[in-house]
Amino acid sequence: MKSLKAQKHDLSDPQVQLDVINNHSAKLKALPSFREKLEEMDLFPLRPTGIEIFQINVGYMCNMTCKHCHVDAGPDREEMMSKETFAYCLDALRSSDINIVDLTGGAPEMNPHFRWFVEEVSKMGKHVIVRSNLTILTTTPKYQALPEFFAEHGVEVTCSLPFYSKSRTDRQRGKGTYDKSVQALQTLNEIGYGRDDTGLELNLVYNPAGAFLPGDQGQMEQDFKRELKRKHDIVFNNLFTITNLPISRYLNFLLMSGNLDEYMEKLIMSFNPAAAEGVMCRDTISIGWDGSLYDCDFNQMLEMKTNSETPSHIKDWDEELLNEREIRINQHCFGCTAGAGSSCGGQTT
Amino acid sequence: MKKTYYNPEDLKKFEDITDFQEELGEKFFEYYGAVFEEGALTAREKSLIALAVAHAVQCPYCIDAYTTDTLEKGVTEEQMMEAVHVAGAIRGGASLVHSTQMMNQVNKLSM
Ligand code: SF4
Ligand code: SF4
């Protein structure tokens, strides 16, 4: 499967995506806006509570092409963070108290400077999270060696596993994904990941394989723990449940399956003010592969850079200004505020 | 056939039943909400029971609603189908067990 971009698909254009989620049908146009919802609770303009997480999208290349991917990642995507841009990130981090560096992609491991960067951040004593798709860790010796490298640097591994059944996982992420993921999780367990006494944190990310919302995080975690232990003797620390946001390939799925209106309506009807208080853009800054700054990884994919009054590139890092910025919002934001809320760290309420 | 008696959009109007009888409607929804709360049975178990009963009473609204709800609660396709088989078994059994009455009557009437 090719990325939308390689297919030259209309929806690879962020403007088209925004137009679809705002204006696709009379029904969508009539729904309340995210801004209105924030205004009702006096939260507009939305501002940070203080940046605590430095999330870098190191590139859109991935060994997989999942149907729901909000990045439109795949083997054909060549956008990659350069060493020079990584160096700007290090400069910013050196000047800051931000303690959590969250690496995402694509498959972040595929960036040629990945190991070097993790080492540099780890030297600063900051905590590194890598968002791994698991399958990459089973491919070639270079990647098979990564679990040991992660353990050496105390990297927190947060990995996607849509479900504990093979059919539902493979339908979303491609044939063979489940078996490879199980293999990678077992390797991580063998070197101590996910075990109580090692301090090596292994978290799983669940996202619904279709046009429905995630269930209760605590309950799902119990189910995942029980089933993965029973079926494969796998253990892990936390399960994060994440709502799919209506952008990129997931948006394409919603459109093609005739679920878009219903899904948007459901997100909006499930708006939870407590979740709005805790949206992740309030404590996260997202850095794109080219060094551009965004409020979150979703805004990055929609090419909505941070508000024009604040620095828009990592080389102009100014934490004080960024902490006062107005966060840019649109209808996709309802994905973060539905039900129990959703973020890269799972439920927010 | 374009027009049918059932319209999926009507499910969203369920709460409007209070327009014609407010007090009873509200009592019903309050009760409904309480029934599906986590109790001696988990919310997940209750959702699966609802899915099975929806098939037994053949309510298309409930089938849609509890298919979504069980999916959201992380129920597998296999578990969903097993629940429907439970409904099928009870419905089939309910017919078949009445055949004892038929047999009694046959025995009574026969020489
Ligand atoms: S969802 Fe993750 S693993 Fe799948 S294509 Fe996107 S970046 Fe790759
Ligand atoms: S989509 Fe991004 S900007 Fe919108 S609420 Fe979610 S985290 Fe914030």
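Chain letters run A, B, ... following the sequence lines, proteins first, then strands; residues in each count from 1. Owing to the predicted nature of the structure, the values given are computational and were not obtained by experimental measurement.
- Only the side chain of B/E38 has a heavy atom closer than 4.5 Å to any heavy atom of chain A.
- Surrounding CE of A/M269 are more than 12 heavy atoms belonging to other residues, nucleotides or ligands, all under 6.0 Å away.
- Between A/Y206 and B/L71, the shortest heavy-atom distance links the atoms OH-O, 4.2 Å.
- Using a 4.0 Å cut-off between charged nitrogen and carboxylate oxygen, A/E262 and B/K12 count as a salt-bridge pair.
- Dense packing is recorded around CG of B/L24, with more than 12 heavy atoms of other residues, nucleotides or ligands lying under 6.0 Å away.
- The 12-atom threshold is exceeded at NZ of B/K46, counting heavy atoms of other residues, nucleotides or ligands nearer than 6.0 Å.
- Residues of residues 214-246 of chain A lying under 4.5 angstrom from chain B, judged on non-hydrogen atoms, are A/P214, A/G215, A/Q219, A/M220, A/D223 by number.
- Around CG of A/D196, the count of heavy atoms belonging to other residues, nucleotides or ligands within 6.0 Å does not exceed 12.
- How far CZ of A/F212 is from NZ of B/K73: 12.0 Å, rounded to the nearest 0.5 Å.
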Are A/R168 and B/E78 close enough, and set up right, to give a salt bridge (Lys or Arg N to Asp or Glu O under 4.0 Å), and what steps lead you there?
CA-CA 11 Å; A/R168 212 179 278 179; B/E78 199 184 359; over 6 Å; no
